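Notes to accompany the following structure.
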Amino acid sequence: MGAGCLVVDRMALVGVDAGVADKLSTAERAYREWILKHRELREPTSERRRRLVERDDHGEQLFAIDIWWQVLGSFEHLHPEYEVNDYRDGSRFLDFAYIRHPFRISIEIDGFGPHQKNASRRRFSDDRFRQNQLVLDNWIVVRFSYDDLRERPRQCQQYIQQLLGKLYGLGRADALHLQLPSSARELLRWAQRRESVAAFSPKDVEKMLGVSHCTALKYLKQLFQQGLVEQASGGKRIRTYRLTSTVTQLHF
């Protein structure tokens, strides 16, 4: 099967027929591939995957394609429907999270309907308190209204340029920033959240990423060589792994 056929087949998985796929712009095609990649990385029965599959993402797609892509030309380090711990000991989901050491940026798209017109006083207050909690947890919080995305896209693009330029510098290489593929970052993020069970096996990685045993071992070997995971049990043959102290200081 050729590369073109493969792209069309993958587009079909996210509800785009072959005729429409041929007419997609580079940004639209990249966006749909990016969303599909994150869907495939998440456990089939998880709330994280369900939210990504079922969300009405018109505003989010507008931001991703017309704002973010136009500035960076890539969705690297950007995560859709990113789960974070909630101040009520539960979890909540951010529209987007840009995770690039040493900063974490929460990006929320506010439509007039759900955030204002149909919001109760209690829900409105709760939303603001959640935002305050993110700030306490060292998140940078950015909010765009749907109207701004639609009517003032250039202004939104300039803000993203200025923010990332201020935080990371223009063209400045960050020696501590690890260039990891999405699968590796997802694995490390999953391991970070397993606070009660530090060690994990290749079988756990297979199940979490939905990959073969050989692929799981390949990922673990790469992370081991980079000093991001270490042996937790076993002799010459490693049975289980755990994160190194380096990873505990990073955000994914």
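Just so it is clear, the structure is predicted and the values come from calculations on it, not from any experiment. When reading the values below, keep in mind they use all heavy atoms of this one structure, side chains included, and skip hydrogens, waters and symmetry mates. This chain uses plain numbering: 1 for the first residue, then up along the sequence.
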Salt bridge (Lys or Arg N to Asp or Glu O under 4.0 Å): which pairs involve residues 224-244, sequence neighbours left out? Glu230-Arg242
Keeping the roles fixed (side chain from Arg104, backbone from Asp137), state whether a donor-acceptor pair exists under 3.5 Å.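 Here the side-chain-to-backbone pair exists.
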Describe, in one word, how the ring planes of Phe96 and Trp34 are oriented to each other, choosing from parallel (under 30°), tilted (30 to 60°) and perpendicular (over 60°).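 If you compare the ring of Phe96 with that of Trp34, the planes turn out parallel.
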Shared ILVMFWY cluster between Val53 and Ile35, side chains joined below 4.5 angstrom? no
Could you tell me which residues satisfy side-chain contact (heavy atoms from CB on, under 4.5 Å) with [X], sequence neighbours excluded, listed by chain and number?
| X | value |
| --- | --- |
| Glu206 | Lys203, His213, Ala216 |
| Gln155 | Arg152 |
| Val84 | Tyr82, Arg92, Leu94, Leu134, Trp139 |
| Leu209 | Leu41, Glu186, Leu187, Val205, Val211, Tyr219 |

CG-CD1 distance between Leu220 and Ile238, expressed to the nearest 0.5 angstrom: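 Output value for this atom pair is 8.5 Å.
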When you check the gap from the basic side-chain N to the acidic O, do Glu40 and Lys37 get nearer than 4.0 Å?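 No.
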Between Arg193 and Glu83, is the closest basic N to carboxylate O distance under 4.0 Å? yes
Do Gln157 and Arg154 get their side chains close enough for a donor-acceptor pair, meaning under 3.5 Å? yes
Who pairs with Tyr98 by ring pair (Phe, Tyr, Trp, His ring centres under 6.0 Å), at least two apart in sequence or on another chain?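 So Tyr98 forms a ring pair (Phe, Tyr, Trp, His ring centres under 6.0 Å) with Trp68.
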